[in-house]
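Worksheet for the structure shown next.
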Amino acid sequence: MLSHIRNNGWEIWLIPEMEIEHKISKHRLEKDYLIKFFHSNGLTRYQTRMLNYSQWQKLLLMPFHLINDLKKIIVHLLKYHSVLQTDIIAIGELNLLLAIFYSPINNFWQYMKNSRKNIIKLALSILKNQKIIFAEPLRKVHRTGF
């Protein structure tokens with residue numbers, strides 16, 4: 001979010017004395033909500049990571065991020081394997097890490113899905129325009145005088 005703010009020309013200030021009171025409703029601390037929350041945040045990681053990179057840099061960096069993310073998942077599983085059934089924080093972190101690992105794949109899948117939809121829309125509009133062009137009945141041409 002800060003990258004978007006900075007890229008749109010806004011200044012970002014740090015005010016250490018500033019305090020914010022944030023009220024969190026009870027349902028946001030329940031296991032199901034936290035798992036969905038961590039998962040959805042993880043799925044956005046690829047876009048956030050790649051904001052300031054060009055297309056060729058994204059392709060170059062993606063394998064390194066995938067390897068690093070996989071390493072984090074393995075370390076987390078080794079560290080918290082005994083409490084993954086009971087510890088909500090450990091479960092949430094694992095869901096976050098899994099979603100982060102999956103985020104480039106998810107991003108690519110969404111891109112392909114949208115591309116297919118756009119190609120189909122384009123093809124349908126071309127076909128529709130073709131029908132309009134040929135929709136007029138052919139008129140008989142009467143030749144006279146030879």
Side-chain angles (χ1 to χ4, degrees), residues 1-139 141:
M1 183 155 75
L2 291 176
S3 295
H4 287 295
I5 293 170
R6 187 186 68 226
N7 289 340
N8 286 313
W10 290 85
E11 291 182 22
I12 301 171
W13 293 5
L14 173 65
I15 306 171
E17 300 83 28
M18 184 181 212
E19 291 183 18
I20 297 174
E21 184 176 323
H22 186 88
K23 295 182 181 178
I24 301 173
S25 59
K26 189 175 183 178
H27 85 279
R28 286 186 167 191
L29 298 174
E30 294 173 2
K31 181 179 176 180
D32 291 339
Y33 177 84
L34 287 172
I35 289 171
K36 289 177 188 174
F37 176 78
F38 282 120
H39 182 77
S40 61
N41 279 309
L43 288 179
T44 64
R45 181 67 59 95
Y46 178 77
Q47 291 102 343
T48 307
R49 279 180 174 166
M50 300 298 167
L51 271 176
N52 296 319
Y53 296 110
S54 63
Q55 194 64 31
W56 70 270
Q57 290 172 320
K58 290 177 186 179
L59 292 172
L60 186 66
L61 291 171
M62 191 168 66
F64 295 105
H65 284 297
L66 287 172
I67 291 167
N68 188 47
D69 294 338
L70 184 59
K71 180 192 79 153
K72 288 179 182 180
I73 291 168
I74 293 168
V75 168
H76 188 276
L77 287 171
L78 291 173
K79 189 174 182 180
Y80 297 108
H81 72 279
S82 63
V83 295
L84 277 176
Q85 298 298 321
T86 56
D87 189 343
I88 294 173
I89 302 301
I91 296 167
E93 287 176 344
L94 180 60
N95 276 279
L96 175 68
L97 293 172
L98 290 170
I100 290 169
F101 179 76
Y102 178 69
S103 67
I105 300 161
N106 182 62
N107 191 61
F108 178 74
W109 177 254
Q110 293 300 323
Y111 172 78
M112 293 304 291
K113 187 174 162 185
N114 291 336
S115 294
R116 265 188 269 145
K117 284 181 185 178
N118 291 335
I119 290 169
I120 291 170
K121 284 180 185 177
L122 177 64
L124 289 174
S125 69
I126 290 170
L127 291 173
K128 187 176 179 181
N129 288 336
Q130 292 290 332
K131 286 182 183 178
I132 292 170
I133 291 171
F134 295 112
E136 295 180 27
L138 296 174
R139 289 183 242 146
V141 177

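Just the heavy atoms: all of them, side chains too, but no hydrogens, waters or symmetry mates, feed the values below. Everything numeric in this text was worked out from a predicted model, so none of it was measured. Position 1 is the first residue of the sequence, and the numbers go up from there.
- The shortest heavy-atom contact between M50 and L61 is CE-CB, 4.2 Å.
- The CG atom of L98 lies 9.0 Å from the NE2 atom of H39; values are rounded to the nearest 0.5 Å.
- Heavy-atom minimum distance, Y46 versus M62: CE1-SD, 4.1 Å.
- Proximity of a side-chain donor or acceptor of N68 to a complementary backbone N or O of F64 within less than 3.5 Å is not detected.
- Of all non-hydrogen atoms in P104 and L66, the two that sit nearest each other are CG-CD2, 3.8 Å.
- When all heavy atoms of L96 and F38 are compared, the closest pair comes out as CD1-O, 3.4 Å.
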side-chain hydrogen bond (donor to acceptor under 3.5 Å, both in side chains) for Q47 and T44? Distances and angles first, verdict last. CA-CA 6 Å; Q47 291 102 343; T44 64; 5.4 Å; no
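- Expressed to the nearest 0.5 Å, how far CD1 of I88 lies from OH of Y33 amounts to 14.0 Å.
- Around atom CD1 of I20, no more than 12 heavy atoms belonging to other residues, nucleotides or ligands sit under 6.0 Å away.
- The CG atom of L60 lies 12.0 Å from the CD atom of Q55; values are rounded to the nearest 0.5 Å.
- Taking the six-membered ring where the residue is Trp, H76 and Y80 present tilted rings, their angle falling between 30° and 60°.
- Of all heavy-atom pairs spanning S103 and G42, the tightest one is CB-O, 3.5 Å.
- The two residues H65 and R49 make their nearest non-hydrogen contact at CB-NH1, 3.3 Å.
- We find the CG-OH distance between N95 and Y102 to be 14.0 Å, quoted to the nearest 0.5 Å.
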Intermediate values then yes/no, side chain to side chain contact (heavy atoms under 4.5 Å, CB included), N7 and N52: CA-CA 9 Å; N7 289 340; N52 296 319; 3.7 Å; yes
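- Expressed to the nearest 0.5 Å, how far CG of L97 lies from CZ of R45 amounts to 8.5 Å.
- The line from CZ of F101 to NZ of K72 is 13.0 Å long, rounded to the nearest 0.5 Å.
- Side chains of L84 and L77 form a contact here, defined as non-hydrogen atoms less than 4.5 Å apart.
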